[in-house]
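Convention: sequence-line order gives letters A, B, ...; per-chain numbering from 1.
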Amino acid sequence: MTNALDAPDPHNAGISETRAERESYLRAGHTLRSWLLTTDHKRIAILYLISVTLFFFIGGAAAALIRADLVTPGGDLLTNEGYNRAFTIHGVIMVWFFLIPSIPTTFGNFLLPLMIGARDVAFPRLNLLSWYIFVIGGLITVYALIAGGVDTGWTFYTPLSSFFANGHVVLVAVAVFIAGFSSILTGLNFIVTVHKLRAPGMTWRHLPLFVWSHYATSLILVLATPVLAITLALIAAERLFGLGIFDPALGGDPLLFQHLFWFYSHPAVYIMVLPAMGVVSELVAASARKPVFGYAFVAGSSIAIAIIGFLVWGHHMFVAGQSMYASTVFSFLSLVVAVPSAIKVYNWTATLHKGRIALDPPFFFAASFIGLFVIGGLTGLALAMLAIDVHVHDTYFVVAHFHYIMVGGTVSAYFGALHYWWPKMIGRKYPLVWGRLSAAAIFFGFNLTFFPQFILGYLGMPRRYHVYDPPFQVLHVLSSAGASILAVAYLMPAFYLFYSLRYGDPAGRNPWGVTGLEWTVPSPPPKHNFMETPIVTELPYDYHVEREGEQ
Amino acid sequence: MTQGLLTWATEASEHASQVDLLLTGFSLLVFVLSAPVFVLMALFAIKYRRGKPADRTHPVNRNIWMEISWSIVPFLFIVGVFVWATVLYADLYRPPPDALEISVVAKQWMWKFEHPGGQREIDELHVPANEPVKLTMASQDVIHSLFIPALRLKQDVVPGRYTKMWFTANRPGTYHLACAEFCGTNHSLMGGRFVVLTRADYTRWLEQSDVDGSLADQGAVLFRSHGCSGCHGSSSTVHAPPLEGLYGSPVPLDDGRMVIADEGYIRDSILLPQQDIAAGYPHDMPTFRNVLDEGEVLKLVAYIKSLRKPRVLP
Amino acid sequence: MSENVQRHEPYRDARQQHEADMMGMYVFLSTEVMLFGGIFLAIFVLRLQHPEAFVEASKRMHVFIGAFNTAVLLTSSLAVAIAVHGARQGAARLSTALFGGAAGLGVVFLGLKALEYRKEYEDGLLPVVSDPGRFSSPIEHLFMNLYLVATALHATHLAIGILLLAGLAWRIGRGNLKLPERAIVVVICGLYWHFVDVVWVFLYPVLYLAR
Amino acid sequence: MNAMTVIRLVFVWFALMGLLVTTVGASFFLRGPASMAASTGIAFIKAALIYWFFMHLSEERGLPRLMAVGAVTWLAILIGLSFTDYATRGFGW
Ligand code: HEA
Ligand code: HEA
Ligand code: CUA
Ligand SMILES: [Cu+2]
């Protein structure tokens, strides 16, 4: 093992078995340089893991500030301006710098090639580039934050953002624009990887559901993100040069901005949830030691969500002055998108039937996901009902809806993935009791934080309110109390996972005793994943199960 | 405390009760659709947990008819609710023709209401009970959203055009009124009171408020002071269309289209005259974009609407 | 594909690698479609909302310069198509010349575009730099803004394309890019150039010909 | 060099130039929606020619073709569904 800078050697044609290749990817060089210039998808995944975790804490700190401020009706902690900046930066960071990249760039990057029997993603250098782009975008956002922040909300509605707001709108728009390219490159890479780098025998029917959902996610990343990019570029131009496309004073149309923004941002919510669904499919099958019920439907529903998800964006604009006919169409299409979600939820439940359920941390996180996603999703349907949305639009009901899916759902899945694949990534086990405990604490803290917000919202408490009517205080205090539990619960894994880095028992190849190509290689995996390209013959989740009525 | 919450939760209109009923129905459906998931997950986790002996023989891991039924059946339920919700929503777009018309101007960070008689109020809206009220809303700067929780209604107020909202409040009392669309620094302070009065109290309230003449009269003053009458007046030599009876009638445009002259059209004619040119007239009307504010335009619109002489169609 | 294509990680064989490269490029071009798509939506909405003023504004465009520029781009595309074909057969000299030529045509396009901007500037029509007060209507101002954004974004893409083609011509000419082994590079750059051409094929009618 | 291929490419170029002349000509005769339909229609034909002959779609297999069509479909979704709003704003009130 000499130089760590293993840029792929173009002359090394055969799949040779050098010692370096058998060694774990973590050992392939210890210098900073060997990490910062790596093209190994697993190392890039670790780089992402570190960066998105950082952003999660920045976004979480903003959330802590919001919740602390809302303990009193007068909002005594922050100024009006300060509060507006806090939730804007919370939204921007959580959405674009944590949740959208979270699962795809960390677990997707790490596992996709392993799961399909490839030695890397299709374009390894592009993969590294997309991390750098992401970091640049993130740094600009952090700079904007330090320089004074923005106060437009994460939605940048015009003409507030283009002419009236006085924060660093251009800076943040540019930062998100840049981060968007990182998304695009990741999506592009995944699509080509899944199409072209599957191992022999790995047909589409053999793909793990995690791969299916990442494929669907990548389609959205690639087709939706450019629209966001151009929209933000137009916002910046609008602000800098008085472009006027979104400004009624010049004959432009503010709703055009909303159409463009939501054309991206609704599909983007599926960018945030589809990878989580992929994770949960894996966790459910692994916990039950049983094939996922109705594999084909679950796989197909990911693609269906990705496609139908593009047809519903107008449900964010029911009271924005959109034509009522358009609203009706969008309302109906929003119901259609619930069908594939229903398939997933019910099939997961059916998978548990007659399984051998291991009550380990992955199961608890998966169960949290399913339960909270169901509540978040069904309240999403309530929002899609026109007459209901007219009342609850832009109230805390919406805030509760999306936190149920994004925090209760996706973040739980993210932690579930962390607990399930940690032994693979690091090669060490962590204490399971602690995992179960933090899953329970997160679940409890979460519900305490966000359930009261449904009530607040239905009563009519508008969102983005720094000062509110005193009678709402009880519910807000409950919510803030929940948030403090949640904060502690989210910090818990940091301790025992760090502890396991050093003191955990070696995990071995397959600590959970589950199926999947990623579990056939050593933990942590060697640099080029597979000594020789695996030949796939078994269907995914090929657990031995007692069957009846089999021909 | 509960007293305070009640003023938010009250249903002050028939529509509000309908919405609450709809939400109750929907919540029931949510319960029916989600309870099986929770119950079964818990049940399976206990019954089939690892190490516990249990009968685990089961058929092949798929059953297309089962999967189809558990996606289609909930969907059909939801379609039922969709129809219900959409019918309710469509009502919001069908104001009765005799509604009391109040104009609303939103700006950072206040609400200005103006009654037909010219009574003005800020951050407070007084309306008579059991009479339909129609709001024509304009924004002076950014997007705001008029939110009246007791009516279960809200509508964004978008700069550059008029949006509308109508309701019939049926329960006298004092409720809340808020801005629901984030509009900058003092967004959370942009609220006030929504007061429903009996007809008698409303009439008394109207009389107590000071007035500089009705909305239309104020519009008439503006119409003269800004020189509109110079072109549109009957004695004018300029070839400009007469405005009597314009409101509500179809207008043929220069490029062959035909539009109904509603408030929005009249507004655009004043502020963006180049946009829709009435057929057969020169492109001569100057823009008043930087001259008039939204409140003044609303007054002019009220005045033009009051010119009800039947119009001879060209 | 020829068998002597160089293969590198993580690919198993040359065909796989070729297909992955082509596919990556097509996916990338799809993202570009959506990028310009936002601008096209803005143009269509503007036209729908202000049909007359939009047509009026469009009449101020220099139709024939635009038409000539379209012809220039289409011709450059032909040159690139032939050059790519040649490169795949190993005709290095021919490709060098044609890529150089196509890049030259690209420069001609930008030159004419600059001339057009200049004329518009003199007419007081170019927003930002000239006097906005001279627009006959706010819609015309808006139209010119959109026009400037759309064509500037296109010109940026074209400039990148010119650099790519010039780079190719240089590398092929110097023998740094072995043909036909590395023909895939040439193909990919060609795809980009054609795409930029396609964008113009749409921008030209919706902006210049809306009369 | 395959002469047939080159000749084919040149033919495509002639077709493109012909379409360019047509579209410019048409713009002087047609007005309003008809003009719009003609010019975008011709643009689509031109784009299709470029994609098919210059951009190798004729020689690639199904996948890249699907992607080219897919991108256009998505653009159609963006524009089409936005227009359900813009085209029906005037109705109702
Ligand atoms: C990961 C993120 C995520 C996800 C997955 C979703 C999923 C959905 N969302 Fe949500 N949403 C957001 C994040 C998300 N949303 C955010 C961030 C906002 C606010 C943005 C802002 O303004 O700042 C928002 C706002 C929002 C609104 C606008 C509210 C408003 O501002 O007025 C609406 C309205 O229709 C909506 C609807 C839906 C629907 C119908 C789904 C569906 O996909 C849900 C499907 C899931 C289920 C239905 C549950 C499981 C199914 C069953 C248990 C089976 C039975 C059911 C049937 C077959 C009917 N969402
Ligand atoms: C996408 C992901 C995501 C995530 C994970 C979260 C996580 C949380 N969010 Fe939210 N949130 C959004 C996305 C997200 N959010 C969006 C998009 C908006 C809309 C913004 C807008 O209106 O524009 C929003 C808005 C929003 C609001 C509404 C603000 C308003 O409208 O006025 C509230 C209020 O309670 C809130 C709370 C929380 C809380 C308590 C958490 C918790 O789950 C967070 C828990 C985590 C932690 C607390 C981190 C733990 C670490 C620490 C505590 C260390 C901190 C260090 C210091 C304090 C020094 N969020
Ligand atoms: Cu006005 Cu918020
Ligand atoms: Cu949505």
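For C:Q49, the part lying under 4.5 angstrom from a heavy atom of chain A is the side chain only. The contact between A:L234 and chain C is made entirely by side chain atoms (from C-beta outward), counting heavy-atom distances below 4.5 Å. For chain C, the nearby parts of A:L243 are the backbone and the side chain; heavy atoms of each come within less than 4.5 Å. Proximity to chain C involves both the backbone and the side chain of A:I191, based on heavy atoms less than 4.5 angstrom apart.
Counting heavy atoms from C-beta outward, A:V222 and C:F28 have side chains that stay 4.5 Å or more apart.
Closest non-hydrogen pair, C:G24 versus A:L188, comes out as O-CD1, 3.8 Å. For the pair C:A42 and A:I245, the tightest heavy-atom approach, listed with the atom from each and the gap, is CB-CG2, 4.1 Å. The shortest non-hydrogen separation linking A:G251 to C:H50 is O-NE2, 2.9 Å. The nearest pair of heavy atoms linking A:K196 to C:Q16 is O-NE2, 2.5 Å.
For the set A:I184, A:L223, A:N189, the count of heavy-atom pairs under 4.5 angstrom toward chain C peaks at A:L223.
Here the CG-CG distance, from A:L256 to C:L41, works out to 5.5 Å after rounding to the nearest 0.5 Å. To the nearest 0.5 angstrom, C:M34 atom CE is 10.0 Å from A:T225 atom OG1.
Inspection of non-hydrogen atoms places A:L260, A:F263 of residues 259-266 of chain A under 4.5 Å from chain C.
In C:K59, the NZ atom is crowded: over 12 heavy atoms of neighbouring residues, nucleotides or ligands sit closer than 6.0 Å.
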